[in-house]
Amino acid sequence: MSDIKKIITTCTRDCPNTCGLEATVENGRLVRLAGSKNHPLTRGMACHKASKYIDRVYSKERITKPMMRGASGRREVLWDEALDLIAEKMKTIRDEDGPEAILYYQGYGERTALKLLNKCFFNMFGGVTTLHGSLCGGTGQASQNLDLGTRISHDPLDHYNSRAMILWGRNPATTQIGLVPIIKEIKKKGGRIITIDPFRNRSAALSDRHIAPAPNMDAYLAMAAAKILIDRGAHDIDFLSHHSAGYTAYKAILDRYRVDKLCYLAGVSGEDAQYIADTLINFKPTSILIGWGLHRHKEAHFTIRAIDALGAVSGNIGVEGGGVSQGFEEYGPYDPKCWGDQLNPGRRTILMPYVGEELLNAQNPRIRMVYVTAANPVCMAPNSALVAEALKRMEFVVYSGHFLDDTAELANVFLPATTFLEEYVTSQ
């Protein structure tokens with residue numbers, strides 16, 4: 001007889017969905033992944049990538065034993081041999097040049113609070129060089145930190161309190177399926193959904209209006225809608241008076257333009273800007289969700305900050321069902337002290353998007369060893385040739401992952417990593 005088990009889990013990959021999953025295990029082998037109907041957000045849905053993740057788990061190309069690279073090539077070794085060599089190298093480098101001569105590069109392959117406990121190990125070791133910045137949404141987060149003090153996006157379940165939703169460069173029908181039931185619920189209650197994107201994406205079909213600004217001209221659209229609100233006297237004077245700074249200077253910028261000029265610059269019609277303003281006036285609270293594509297061009301912070309300002313002018317900051325949500329809060333409920341940063345004096349960090357250049361230029365101490373987890377920087381980081389050159393110059397590189405990818409090819413030691421479907425947590 002077959003032994004069939006159903007195990008409830010959650011996808012931990014770098015994605016705002018964090019889909020609740022039901023894994024079917026037959027005779028010890030994973031045979032099916034589907035959405036868990038009991039998950040409060042995704043409600044039985046799961047993206048295409050999640051259902052296909054089984055192929056990754058059982059891929060013939062996956063490396064499942066530690067490997068070392070020597071003069072004659074790469075060979076399989078026992079765990080003790082690999083770990084002993086890593087420990088020896090780490091201790092030698094720390095004793096000679098201090099712990100900051102080691103870089104711990106943690107990527108986003110599994111970006112969860114528990115995964116950051118890895119950092120606690122390196123902090124207990126003495127505190128190594130780590131990363132700051134992002135290859136993904138760093139511009140958006142930095143912009144909102146400037147505007148809001150600290151970026152805190154709304155919990156997705158809070159959007160059930162929204163009477164309208166503006167998907168600004170966001171395409172949840174393809175990239176965040178958990179929002180689709182919320183969108184449908186808003187519409188069912190008579191609310192509005194607006195999709196703003198130069199391309200008519202799949203989410204536009206779920207929307208009451210699709211607005212297509214010219215690429216990189218979204219800031220002018222946000223300014224046009226804000227100017228209409230102010231001209232109508234529909235701006236939130238109480239919020240702007242008591243909870244904002246710089247409004248007078250901001251309004252002076254708006255006063256330089258007519259609404260029709262701003263719409264012309266944005267590549268939209270006046271009716272488009274009026275529709276956004278009407279929604280913000282008559283369908284409060286309105287949640288504004290910003291997509292990642294808005295961050296990925298030069299001077300993107302001007303766009304993000306113009307949209308933040310529109311949220312403030314319309315009175316949608318700090319209210320249930322409102323907000324300008326740029327990303328998702330991965331670690332909000334967790335105490336960061338668990339990660340051990342307080343165990344040492346402040347240690348050096350290097351900028352992730354410039355990791356190749358920073359590795360080569362680091363001094364006092366120079367970086368001699370790199371330990372990479374959940375990432376493939378040779379493939380993903382800008383200027384991949386320089387990243388590869390920097391890793392080749394390192395005295396020792398450790399890579400923990402699933403496959404012999406671009407970065408793994410340059411590693412002295414390869415440590416096979418589990419997937420999130422091979423990790424067990426038991427409760428007492």
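Each residue takes its place number in the sequence, starting with 1. Just so you know, these numbers use all the heavy atoms, side chains as well, and skip hydrogens, waters and symmetry mates. Not measured: the values here are computed from a predicted model.
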Which residue in the set I211, T195, L221 passes side-chain contact (heavy atoms from CB on, under 4.5 Å) when paired with W168?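 So, applying the side-chain contact (heavy atoms from CB on, under 4.5 Å) to W168 and each of I211, T195, L221, only L221 qualifies.
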Which of these, N412, L103, L410, sits in a side-chain contact (heavy atoms from CB on, under 4.5 Å) with V397?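 With V397 as partner, side-chain contact (heavy atoms from CB on, under 4.5 Å) holds for just one option, N412.
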Report, as yes or no, whether the 6.0 Å neighbourhood of atom [atom1] on [X] holds more than 12 heavy atoms from other residues, nucleotides or ligands.
{"X": "R32", "atom1": "CZ", "answer": "no"}
{"X": "M217", "atom1": "CE", "answer": "yes"}
{"X": "E320", "atom1": "CD", "answer": "no"}
{"X": "N38", "atom1": "CG", "answer": "no"}

Between C263 and V268, is any pair of side-chain heavy atoms under 4.5 Å apart?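 Heavy-atom side-chain distance check passes, below 4.5 Å.
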Is any side-chain heavy atom of P336 less than 4.5 Å from a side-chain heavy atom of D341?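 No, side chains not in contact.
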Pair R366 + D97: basic N to acidic O under 4.0 Å: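 No salt bridge links R366 with D97.
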Please determine if R74 and E409 form a salt bridge, counting it only when a charged side-chain N lies under 4.0 Å from a carboxylate O.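 Yes.
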I'd like to know if the side chain of [X] pairs up with that of [Y] as donor and acceptor (distance under 3.5 Å, no hydrogens or angles considered).
{"X": "D405", "Y": "Y399", "answer": "yes"}
{"X": "T373", "Y": "Y104", "answer": "yes"}
{"X": "S269", "Y": "D272", "answer": "yes"}
{"X": "S143", "Y": "R305", "answer": "no"}

List the atom of V324, the atom of G311, and the distance in Å for their closest heavy-atom pair.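 Between these two residues, the closest heavy atoms are CG2-CA, 4.0 Å.
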Could [X] and [Y] be counted as a cation-pi pair, given that NZ or CZ must be under 6.0 Å from the ring centre and within 45° of the axis?
{"X": "R29", "Y": "Y58", "result": "yes"}
{"X": "R94", "Y": "F125", "result": "yes"}
{"X": "R347", "Y": "F122", "result": "no"}

When you look at V57 and R62, which way does the side chain to side chain contact (heavy atoms under 4.5 Å, CB included) test go after all the steps? CA-CA 8 Å; V57 174; R62 189 170 169 203; 4.0 Å; yes
